[in-house]
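Along the sequence shown, residues carry numbers from 1.
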Amino acid sequence: MNKPSNTFDVVIEQAFDFLSPEYAELFDNSAATAFQHPLWLHSLYSRLASHAGATPLVVAVRQRATGALAMVLPLLRVRRGPIRTIEFADLRVSDYLAPVCSPGVFSQLLADESACADIRRLVRPFDLLRITKLPDGRLPIESLLAAPRRMSMDTNAYATVLVAPFDQWRASAMDRSYQKELAKKYRQLQKKGALGFSCCDDSASVLDALDVMRKLRGPRFQSQGDGDLLQRPEYYDFYSDVALRGLGSFVRLYAMKMDGEVIAAVLGLCHQGSFLVIMSAFDIAGYKSQSLGALMFEQVARDCIERGDQMLDFTIGDEPYKKLFGGQPSPMWAVTQAGSTVGAVTLFALKQAPWLKLAAKRMSEFRLSPTRTSTPTR
């Protein structure tokens with residue numbers, strides 16, 4: 001039996017205050033990502049968790065001698081049918097997941113068998129532990145939880161390194177013919193009316209752009225699964241809350257306007273010299289041949305460079321356009337662990353999912369009448 005830790009105290013704090021000064025200090029000195037930012041997690045737990053039927057499971061580790069916060073694991077208990085799952089605080093809005101802890105303290109925790117045992121005990125019981133979207137090269141959370149080694153996901157994240165001035169970045173990141181194509185389309189767009197591009201700087205412009213984003217994204221994603229998250233009131237409230245609270249520091253919302261009306265918008269997060277794209281919308285129906293999305297991202301890159309950003313991060317997803325802007329792939333990882341017989345059966349089924357999809361695809365080839373093939377999208 002492990003002796004109690006002399007260094008750390010480990011507790012569950014369901015009502016943890018992510019807006020507290022101690023968490024802000026921990027986050028600033030941690031290896032966490034933008035998706036563990038105080039504003040992001042505060043809004044996620046307060047606005048989304050209850051709608052998803054999720055119960056907060058926030059593991060707080062403190063230095064015993066001083067009471068100072070040493071690590072936070074922002075987790076959730078979610079019952080999916082009969083399966084009791086432990087998941088990271090994600091709920092489909094976060095692209096990168098990571099423990100909120102400095103590398104040095106994390107190493108100390110891994111060396112403290114008693115503290116690790118306390119963490120593993122407190123997150124139980126569960127049928128299935130699933131932590132996906134782990135960026136490459138981050139803290140090994142699987143070692144902390146005594147879970148099997150991480151496995152690569154079937155998707156990557158993409159980011160492009162920014163260099164000043166803008167023309168130099170564009171020449172190094174983008175194919176010359178593509179540069180000429182976008183320049184031509186930008187001139188065509190300018191001829192259609194008064195074209196403007198800006199970063200929203202007040203609550204009115206933020207809410208106006210978000211409202212247009214919701215309208216533009218609705219028809220585009222209607223046929224994909226359960227549609228666009230922005231159409232759900234709780235998710236719209238989440239993004240609005242984060243955008244308004246973080247305006248001017250943590251969040252940027254870019255808008256392109258034609259004759260004063262928003263025709264394209266990009267929402268993203270600012271973290272450690274990077275701008276992370278989390279959502280975009282374009283009036284594709286009104287500007288079918290103008291490549292609004294590409295023109296918008298080109299302007300976003302220009303603004304980021306002028307602000308001194310070092311990275312434009314397109315985040316998770318293998319959309320082809322990301323490579324057109326010099327985006328380089330980075331692998332994403334997942335950690336899964338069964339905590340019961342039911343969990344073991346579920347985990348086995350999840351691992352077979354690719355084979356089931358392939359089998360279904362092959363079966364569809366035997367249909368007597370041809371069917372229309374849809375274009376796969378994110």
Do the side chain of [X] and the main chain of [Y] share a donor and acceptor less than 3.5 angstrom apart?
| X | Y | answer |
| --- | --- | --- |
| K133 | S94 | yes |
| T66 | A68 | yes |
| T315 | V277 | yes |
| W333 | R138 | no |
| T160 | F325 | yes |
| Q179 | M174 | yes |
| D259 | A194 | yes |
| S30 | F27 | yes |
| S43 | W40 | no |

Decide yes or no for [X] and [Y]: does some side-chain heavy atom of the first lie under 4.5 Å from some side-chain heavy atom of the second?
| X | Y | answer |
| --- | --- | --- |
| F35 | I278 | yes |
| L134 | M153 | no |
| V251 | V242 | yes |
| I141 | L73 | yes |
| F275 | Y254 | yes |
| Y239 | L267 | yes |
| V206 | D201 | no |
| D318 | Y158 | yes |

Carboxylate-amine/guanidinium proximity below 4.0 Å for [X] and [Y]:
| X | Y | result |
| --- | --- | --- |
| R176 | E181 | no |
| E113 | R120 | no |
| R217 | D228 | yes |
| R170 | E298 | yes |
| R150 | E142 | yes |

side-chain hydrogen bond (donor to acceptor under 3.5 Å, both in side chains): which pairs involve residues 96-109, sequence neighbours left out?
Y96-D313
Between [X] and [Y], is any side-chain donor less than 3.5 angstrom from a side-chain acceptor?
| X | Y | answer |
| --- | --- | --- |
| S240 | D237 | no |
| D175 | S177 | yes |
| N156 | S330 | no |
| E87 | T85 | yes |

What's the separation between atom [atom1] in [X] and atom [atom2] in [Y], rounded to the nearest 0.5 Å?
| X | Y | atom1 | atom2 | value |
| --- | --- | --- | --- | --- |
| L210 | L230 | CG | CG | 7.0 Å |
| L44 | R92 | CG | CZ | 13.0 Å |
| L216 | L292 | CG | CG | 9.5 Å |

Exactly one of Q63, R64, R62 should register a side-chain hydrogen bond (donor to acceptor under 3.5 Å, both in side chains) with D9. Which one does?
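When Q63, R64, R62 are each tested with D9, the side-chain hydrogen bond (donor to acceptor under 3.5 Å, both in side chains) holds only for R64.
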Kindly indicate, with the supporting measurements, whether the criterion side-chain contact (heavy atoms from CB on, under 4.5 Å) is fulfilled by V212 and K215.
CA-CA 5 Å; V212 173; K215 292 175 182 177; 5.6 Å; no
For [X], does the [atom1] atom have more than 12 heavy-atom neighbours from other residues, nucleotides or ligands under 6.0 Å away?
| X | atom1 | result |
| --- | --- | --- |
| E234 | CD | yes |
| K185 | NZ | yes |
| E25 | CD | no |

Compute both the distance and the angle, then confirm whether R84 meets the cation-pi test with F126: under 6.0 Å from the six-membered ring centre, within 45 degrees of the axis.
no
Are R214 and Y236 in a cation-pi setup, meaning NZ or CZ lies under 6.0 angstrom from the ring centre and within 45 degrees of the ring axis?
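The answer is yes; both the distance and angle limits are met.
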Residue pairs fulfilling salt bridge (Lys or Arg N to Asp or Glu O under 4.0 Å) with at least one residue in residues 241-254, sequence neighbours excluded:
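Checked against salt bridge (Lys or Arg N to Asp or Glu O under 4.0 Å) - neighbours excluded - the pairs reaching residues 241-254 are R47-D241, D241-R245, R252-D309.
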How about Y45 and F16: are their ring centres within less than 6.0 Å of each other?
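No, too far apart.
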